[in-house]
Number of protein chains: 2
Amino acid sequence: MDLPMGFLFKGLNDDQLKEIDAVAEKLSMDKGQVICKEGSEAQALFILKTGAIELISKMDSIIEIPITMLRKPGEIFGSGVLVEPYAYALTARCASKGAFMRIEQSDLKNLIGMGRDLGCIIMTNLAQYYLKRLQENRKEIKIHLATLLKTFY
Amino acid sequence: MDLPMGFLFKGLNDDQLKEIDAVAEKLSMDKGQVICKEGSEAQALFILKTGAIELISKMDSIIEIPITMLRKPGEIFGSGVLVEPYAYALTARCASKGAFMRIEQSDLKNLIGMGRDLGCIIMTNLAQYYLKRLQENRKEIKIHLATLLKTFY
């Protein structure tokens with residue numbers, strides 16, 4: 001099986017993992033390559049296999065804000081493909097040569113539509129992941145607020 | 001049926017909604033009443049029926065940061081009860097007299113465990129909600145960064 005294990009597939013059984021592996025395409029990537037672009041229509045989910053992926057967001061279409069660096073096999077990007085409005089929330093750019101898996105949206109929808117158990121597990125894992133990111137962001141906002149308070153008062 | 005419709009239940013059929021309504025308890029709330037506390041173990045999910053709920057987060061255990069105000073019937077709070085580590089991410093305080101529904105974690109787990117279709121729909125709605133909040137927070141961080149850049153340069 002090519003599929004690397006990560007948080008999104010936690011709790012799935014071997015048969016369910018094989019079903020996902022069967023629709024995942026393994027691709028290589030080169031440093032600097034953009035895999036998906038912030039704001040564009042999401043067409044696939046990506047799973048890191050080897051190498052590193054930089055997640056970035058643009059400010060005023062000029063400044064790039066680094067959001068995080070993915071290095072662990074099994075980490076996902078392009079997860080906007082799983083929820084409405086089906087758009088990529090961030091840009092993913094290859095930071096060091098490696099490989100990733102690509103799963104088309106139509107294949108994901110089929111798997112989740114037919115296997116509601118698989119769907120329930122994946123969507124629970126995704127919600128957990130987003131909540132964690134949300135709490136990290138809230139912490140960051142608090143740090144910014146504290147800096148502003150110190151600057152002005 | 002007492003259950004107010006909101007984004008979390010979008011896509012559920014009448015039978016599924018009735019199952020949820022059957023385990024939801026209707027409670028009244030008074031201004032200033034704290035319904036759940038940031039960081040504490042999540043025991044129930046809450047759904048706003050009437051009135052308003054203020055969601056807040058503490059900074060340095062002194063300053064209160066207002067996160068949002070819920071006013072629409074069907075809006076939820078205490079959603080940390082649905083995902084690990086099962087803790088309330090924010091404090092919810094009643095901002096104007098009203099009523100809300102309370103669903104115990106054990107009842108939710110039963111419904112989601114037995115009805116994987118219901119579970120898949122609810123968890124997809126929840127993931128979508130968190131992703132939306134996450135993107136709003138990222139926008140807020142960008143505004144803070146822009147303010148800092150203007151202040152220092």
Side-chain angles (χ1 to χ4, degrees), chain A residues 7-8 10-11 38-39 42 55-60 63 65 67 79-90 109 112-152, chain B residues 7-8 10-11 38-39 42 55-60 63 65 67 79-90 109 112-152:
Chain A
F7 73 87
L8 193 68
K10 205 183 64 185
E38 178 178 4
L55 295 183
I56 49 181
S57 181
K58 284 220 171 171
M59 189 164 92
D60 305 329
I63 305 170
I65 301 174
I67 302 291
S79 63
V81 76
L82 284 165
V83 288
E84 284 179 39
Y86 306 116
Y88 294 125
L90 300 169
K109 282 196 171 174
I112 291 172
M114 292 194 303
R116 298 307 263 175
D117 186 48
L118 177 147
C120 190
I121 292 169
I122 284 184
M123 297 316 294
T124 302
N125 290 339
L126 186 66
Q128 190 185 333
Y129 170 74
Y130 286 151
L131 181 59
K132 222 172 143 184
R133 291 292 90 80
L134 195 52
Q135 290 187 281
E136 286 170 2
N137 272 23
R138 281 186 189 136
K139 268 189 203 159
E140 197 180 328
I141 289 174
K142 284 181 191 176
I143 292 168
H144 286 299
L145 283 176
T147 310
L148 283 175
L149 287 173
K150 272 181 210 151
T151 309
F152 292 115
Chain B
F7 73 90
L8 193 67
K10 203 182 64 184
E38 179 178 4
L55 295 182
I56 48 181
S57 180
K58 283 220 172 174
M59 189 164 93
D60 306 328
I63 305 170
I65 301 176
I67 303 291
S79 63
V81 75
L82 284 165
V83 289
E84 285 181 38
Y86 306 116
Y88 293 125
L90 299 169
K109 283 194 170 174
I112 291 171
M114 292 192 306
R116 297 307 261 174
D117 186 49
L118 176 148
C120 191
I121 292 169
I122 284 184
M123 297 317 293
T124 301
N125 290 339
L126 186 65
Q128 191 186 332
Y129 170 74
Y130 285 151
L131 180 60
K132 220 171 145 187
R133 291 292 90 78
L134 195 51
Q135 290 187 280
E136 287 171 359
N137 272 22
R138 282 186 188 135
K139 267 190 203 157
E140 194 178 332
I141 289 175
K142 284 181 192 176
I143 292 167
H144 285 302
L145 283 176
T147 311
L148 282 173
L149 286 172
K150 273 182 210 151
T151 309
F152 293 117

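Values below: all heavy atoms of this structure, side chains included; hydrogens, waters and symmetry mates excluded. In what follows, chains carry the letters A, B, and so on, assigned in the order in which the sequence lines appear, proteins first and then strands, with residues in each chain numbered from 1. Just so you know, these numbers come straight off a predicted model, no measurement behind them.
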Region of A/Gln135 that comes under 4.5 Å of a non-hydrogen atom in chain B: side chain
Shortest non-hydrogen separation from A/Gly119 to B/Cys120 and the atoms involved: C-SG, 3.6 Å
Chain B contact via A/Ile122 - which portion, at a heavy-atom distance below 4.5 Å: neither
Test side-chain contact (heavy atoms from CB on, under 4.5 Å) applied to A/Leu131 and B/Val83, B/Leu82, B/Leu134, B/Leu126, the passing residue: B/Val83
Heavy-atom closest contact (A/Lys142 atom, B/Lys58 atom, distance): NZ-O, 2.8 Å
B/Arg138 side chain reached by A/Leu90 side chain, heavy atoms, under 4.5 Å: yes
Residues forming a ring-ring contact (aromatic ring centres under 6.0 Å, His included) with A/Phe7, sequence neighbours excluded: A/Tyr129
Pairs satisfying salt bridge (charged side-chain N to carboxylate O under 4.0 Å, His left out), at least one member in residues 125-135 of chain B, at least two apart: B/Arg133-B/Glu136
Side chains of A/Arg116 and B/Ile121 in contact at under 4.5 Å (non-hydrogen atoms): yes
Residue among B/Leu145, B/Ile141, B/Ile63, B/Ile67 with most heavy-atom pairs under 4.5 Å to chain A: B/Ile141
Nearest heavy-atom neighbours spanning A/Gln128 and B/Glu84: CG-O, 3.4 Å
